[in-house]
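Okay, so here's the structure we're looking at.
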Amino acid sequence: MYGVIGKLLWVDLTSGEITVESPGDELYRDYVGGYGIGVRLLYDRMPAGVDPMGPDAILGLTTGPLTGTRAITGNRFTVIGKSPKTGTWGDANCGGNFGPALKFSGYDAIYFRGISPKPVYLYVRDGKAEIRDAAPYWGNGVDVEVELIKELGDDVKVAWIGRAGENKNLMASVMNDLGRAAARSGLGAVMGSKNLKAVAVAGTQKVPVADEAGLNAYVTESMRAAKAENSPAYQLFTTFGTSGLASACAMNGDSPVKNWAGSGEVDFPGASKVSDVALDKYRVRRAGCWHCAITCGAYLSVPDGPYATAGAYEHRPEYETLAAFGSMLLMDDTEAMLKVNELCNRAGMDTIAAGSTIAFAIECFERGIINAEDTGGLELRWGNAPAIVEVTRQMAERTGFGAILADGAKKAAERIGKDSAQYAIHVKGEEPGMHDPRYSPGMALNFHLDPTPGRHTTGGTGELEFFTGLDVLPLPAPLNVHKRDYANKGLPHRVLLNDRQLMNSAGVCIFSAFIAPQDALVRELTFVTGEPWDIGRVQVTGERIQTLRHAFNLREGINPVRDCPVPQRCLDGTELKSGLGKGYVVDLDAMRDSYLSVVGWDKETTVPSVESLRALGLDDLVKDLHPQTVES
C-alpha cells in the first residue's frame, strides 16, 4: 500500500510492553488514516464506559497517507482518544514537523494503553522504540522539547505536554514545535494521566508514493497558479496567517464578543490592535509547517516590559487565540496578547477554552456572582490585561483562582455555583470555536452534532459561510442554498462535512481547501496511494468515518439532540447591536432535521438506519445500534 508505512506501534505503559501491528491494506482503503483508522481501532478495542484517564483508555498519535509527502500541506497529525472533558470521542489536529517525523521513524501511528508508574517518554528511531525516564523533565519547567533534541539529535521531533497536561487540566493540549497545539478535547490531560511526558521520533523511512513525478508536477503547478493568480486566501495566509482575520471578523460579527453577548463595532473598537499589522511589528521571522508553501506562521517577540516574552514559545497567535483573548475579553493590549499566547504555549493549554473560561469568570465578576475575595484579589473585568495575564498563569499551574477555572467553563460553573451556569458557554463541556453561528449558521450544526462537541474544523456549510462571507453558498446546484435557508442546509452540509473528514484523515491542512485547486484531495490521494480516488469515493469514505465517530458516542449513551445543546446566546442575534448576525435567530432544529434526513439518521435518537450503515460498509455496527434487527 502506497502512502503508508504499514505499521502501527502499540505501547503498554503499565507493563512496558511494546508491540508492532501490521494491519493490512483493507483498513487503509476503508478508513484512510489519521482519525479514520483511529476511530475504527478504538471503537473495536476500547469498550464503552472507559474512564478516559484510566488505564484502559487508549491514546493515539496518528498520521494520514499524505503526511510526509509533497502533497500541499501534507504535514498534519491527529491525537485521538476519549475526551475527559466531554466524555465523547476526542480528537485534536496539528501541523508542524512532528507528523512527518513520526512516519519517517517507521510507523503510521503510535497507540498507548495503561498508566506508567513514573513519568516517562517514548523514543522512536527507525523502527526501534524505547520507554525512557522523564523524571528530569516533569514538573520543573524544563523545556522538554529543547532538551530532548539536545540529547537525541537535531533531527528529533517531539510531541509533549506542559504543566497543564501534568496537572490534568481538562483544557490541556498536546504540543510540538514549542507552540503548535493539538488543542481540543483535553487530550493533553489524558497524556498526563498516563505519566507520558513526551514522544520523541526520528528516522530515515521514506514514505512510498505511487506516482512521485506526477505528484511533484501537480503540486508545483498548483502552487505556482495560486501565487500567480494573486489568490486572496494565499496572500492573507502567507502575509499575516490567520491573525489577518482578527479585526475584520470582530467587526463583521464572525467573532464572538464579550462572552457571546456583545457586538464588535460597539464593544470592541480596539480590535485592530490585536490583528495583522499591529502584531506584525513584533515579527522576528516567518515560519511554516514541514514543507508548506503557504508559510502562515511567524515568530514574534516582546523584548522587554511587563509582558516580555521568552524566546522559543513566541509563535504568532492564531485567529482563535486572538478572538478568545481579544473580542471575548475585550482585551486590546497587543503585548499582553502575545504574553498570554506564550503562557498557553509553554503550559500546553487550549487558548479557545482558556479565553472562553476567563470570559465566563469576568461576566460572573461583573454581575457580582464572585468578587475580589473569591479571586484572590484579581479584578476580573473586561479588558483588564494584568488580571487576564495573571489568571492565565494560575490556570496553567492550577493555583489560586486559576484552579477553579482550570477545567473549563462548565466545571468552573459547578464549582462557583449560584447563578453562574447560565453564563458558562459550552457544548457538553467544550467551549465552542470562535466563529459565531449568527454569522455562519452552519457552525451551529458542527457545535451540536459533531462527535467532538463545539468543534469548528470538521467541515460543513459553516466553514464555507465563514470563509466566503456570501449569503448564497458558491457551490453547484442543488448545493448553493442561501445560508439562512435552514430547512435545506442538510445536503450541502453533508457534502462539505464528508470532504473534510477525508482531509483530516489524509493528513493535510484545511487551509489547502481555500488555496489549492478543488480537485487537490482526490488528485493527491490518487498520486500518493496508487488507488483510484474520485469525489464519490471521498463522499462514501468521509461519511463512513463520520458515522463511526458518531457511533462511538452513541455507544457511550450520548445523543446530541438531548446531550449537546448549543447555548441560546450563540443562536439568538436579536440583541446584537452590530454585525452581520444582528437580528437573526438560527433555527438549529430545522438544520439538524435536514441533515439527519439526508444521511438517514433518526431525528430523535440520531441512530443511523440499518440501510445507511450497510451502504457505508458498516454492517458490524448494525448489531450494536439495531440489536433487534439482528435478533429477528
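Scope of the values below: all heavy atoms of this structure, side chains included, with no hydrogens, waters or symmetry mates.
The shortest side-chain heavy-atom distance between V528 and R70 does not fall under the 4.5 Å cut-off. The closest side-chain heavy-atom distance from L9 to Y111 is not below 4.5 Å. Residues I545 and Y31 form a side-chain contact, since some pair of their non-hydrogen atoms from C-beta on lies under 4.5 Å apart. You'll find the side chain of M331 stays beyond 4.5 Å of the side chain of N384, heavy atoms only. At least one side-chain heavy atom of P453 sits under 4.5 Å from a side-chain heavy atom of T88. Between V158 and N176, every side-chain heavy-atom pair lies at or beyond the 4.5 Å cut-off.
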Using the side chain to side chain contact (heavy atoms under 4.5 Å, CB included) rule, take R132 and V120 through it: C-alpha gap first, then chi angles, then the decisive distance, then the call.
-> CA-CA 5 Å; R132 294 187 172 186; V120 295; over 6 Å; no
Kindly indicate, with the supporting measurements, whether the criterion side chain to side chain donor-acceptor pair (under 3.5 Å) is fulfilled by T242 and R316.
-> CA-CA 9 Å; T242 58; R316 177 170 56 202; over 6 Å; no
Side chain to side chain contact (heavy atoms under 4.5 Å, CB included) evaluation trace for L41 with L27 = CA-CA 10 Å; L41 294 177; L27 186 66; 4.2 Å; yes
After noting the C-alpha distance and the side-chain angles of R549 and D450, does the key distance pass the salt bridge (Lys or Arg N to Asp or Glu O under 4.0 Å) rule?
-> CA-CA 9 Å; R549 292 169 74 233; D450 195 77; 3.1 Å; yes
Determine, step by step, whether T351 and T321 satisfy the side chain to side chain donor-acceptor pair (under 3.5 Å) criterion, reporting the C-alpha distance in whole Å, the side-chain angles of both residues, the deciding distance to 0.1 Å, and the verdict.
-> CA-CA 5 Å; T351 56; T321 303; 2.8 Å; yes
Assess whether side chain to side chain donor-acceptor pair (under 3.5 Å) is satisfied between Y35 and Q501, documenting all intermediate values.
-> CA-CA 9 Å; Y35 68 32; Q501 299 312 301; 2.7 Å; yes
Full working for side chain to side chain contact (heavy atoms under 4.5 Å, CB included) between L279 and L322 = CA-CA 10 Å; L279 295 174; L322 297 170; 3.8 Å; yes
Go through the steps to decide whether T457 and R500 satisfy the test side chain to side chain donor-acceptor pair (under 3.5 Å), and finish with yes or no.
-> CA-CA 8 Å; T457 53; R500 189 64 71 246; over 6 Å; no
For K410 and E431, run salt bridge (Lys or Arg N to Asp or Glu O under 4.0 Å): C-alpha distance rounded to whole Å, both residues' side-chain angles, the deciding distance at 0.1 Å, then the answer.
-> CA-CA 9 Å; K410 179 178 183 290; E431 296 75 17; over 6 Å; no
Step by step, would you call I80 with V39 a side chain to side chain contact (heavy atoms under 4.5 Å, CB included)?
-> CA-CA 8 Å; I80 64 167; V39 70; over 6 Å; no
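Judged by distance alone, the side chain of N169 and the main-chain N or O of A172 form no donor-acceptor pair under 3.5 Å. Judged by distance alone, the side chain of E147 and the main-chain N or O of Y137 form no donor-acceptor pair under 3.5 Å. At least one donor-acceptor pair closer than 3.5 Å links the side chain of K103 to the backbone N or O of G64. T309 contributes a side-chain N or O that, together with a main-chain N or O of V302, makes up a donor-acceptor pair within less than 3.5 Å. Of the possible donor and acceptor atoms, one in the side chain of S275 sits under 3.5 Å from a partner among the backbone N and O of S247. K7 places no side-chain N or O within donor-acceptor distance of the main-chain N or O of P23, the cut-off being under 3.5 Å. Of the possible donor and acceptor atoms, one in the side chain of D108 sits under 3.5 Å from a partner among the backbone N and O of I5. The backbone N or O of F104 sits nowhere less than 3.5 Å from a side-chain atom of Q205 that would complete a donor-acceptor pair. Using modelled atom types, no side-chain atom of S505 and backbone atom of L502 make a donor-acceptor pair closer than 3.5 Å. Within the 3.5 Å criterion, the main-chain N or O of G114 finds no donor-acceptor partner in the side chain of T14.
Rounding to the nearest 0.5 angstrom, the gap separating the CD1 atom in I58 from the NZ atom in K194 is 8.0 Å. Residue I404 holds its CD1 atom at 11.5 Å from CE of M395, rounded to the nearest 0.5 Å. Atoms CD1 and CG, on I358 and L380 in that order, are 8.0 Å from each other to the nearest 0.5 Å. The CD1 atom of I515 lies 6.0 Å from the CZ atom of F237; values are rounded to the nearest 0.5 Å.
Counting heavy-atom neighbours within 6.0 Å of K411 NZ, excluding the residue itself, gives a total of 12 or less. Within a 6.0 Å radius of CG in D154, other residues, nucleotides and ligands contribute 12 heavy atoms or fewer.
A salt bridge links R125 with D155: at least one charged nitrogen is closer than 4.0 Å to a carboxylate oxygen. Between R184 and D350 there is a salt bridge, with a side-chain nitrogen of the basic residue lying less than 4.0 Å from a carboxylate oxygen of the acidic one. E166 and K197 are joined by a salt bridge, as a carboxylate oxygen and a charged side-chain nitrogen come within less than 4.0 angstrom of each other. Residues R346 and D143 are paired through a salt bridge, judged by an N-O separation under 4.0 Å between the basic side chain and the carboxylate.
Side-chain contact, S243 with D276: no donor N or O sits under 3.5 Å from an acceptor N or O. No hydrogens or angles considered: nothing links the side chains of T63 and R76 as a donor-acceptor pair under 3.5 Å. Side-chain contact annotation: E342 with H315, donor-acceptor N/O pair under 3.5 Å absent.
Results of the side-chain hydrogen bond (donor to acceptor under 3.5 Å, both in side chains) test with Q394 over E397, R398, E390 single out E390 as the only residue that passes. Each of F112, W160, Y123, Y121 was evaluated against V199; a single residue qualifies, F112, per the side chain to side chain contact (heavy atoms under 4.5 Å, CB included) test. The only option from S356, P317, C344 that meets the side chain to side chain contact (heavy atoms under 4.5 Å, CB included) definition with F325 turns out to be C344. Checked against T78 for a side-chain hydrogen bond (donor to acceptor under 3.5 Å, both in side chains), the options N504, D91, N93 give a single hit: N93.
Aromatic ring centres of H435 and Y319: separated by under 6.0 Å. Ring-centre distance between Y43 and F552: not below the 6.0 Å cut-off.
Shortest non-hydrogen contact noted between P119 and D133 is O-OD1, 3.4 Å. Counting all heavy atoms, side chain and backbone alike, I72 lies closest to S222 at CD1-CB, 3.9 Å. Looking at every heavy atom in both residues, V508 comes nearest to G74 through CG1-CA, 4.0 Å. Listed here is the closest heavy atom pair of G408 and M171: N-CE, 3.4 Å.
For L236, the side-chain contact (heavy atoms from CB on, under 4.5 Å) partners are L245, not counting sequence neighbours.
Using bins of under 30°, 30° to 60° and over 60° for the plane-to-plane angle, the ring pair Y218/F527 lands in the tilted bin.
A cation-pi arrangement is absent between R283 and Y299 under the rule of less than 6.0 angstrom and at most 45 degrees off the ring axis.
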Acceptor/donor pairs from residues 289-296 side chains to any protein atom, 3.5 angstrom cut, sequence neighbours excluded:
from, atom 1, to, atom 2, distance (Å)
T295, OG1, C292, O, 3.2

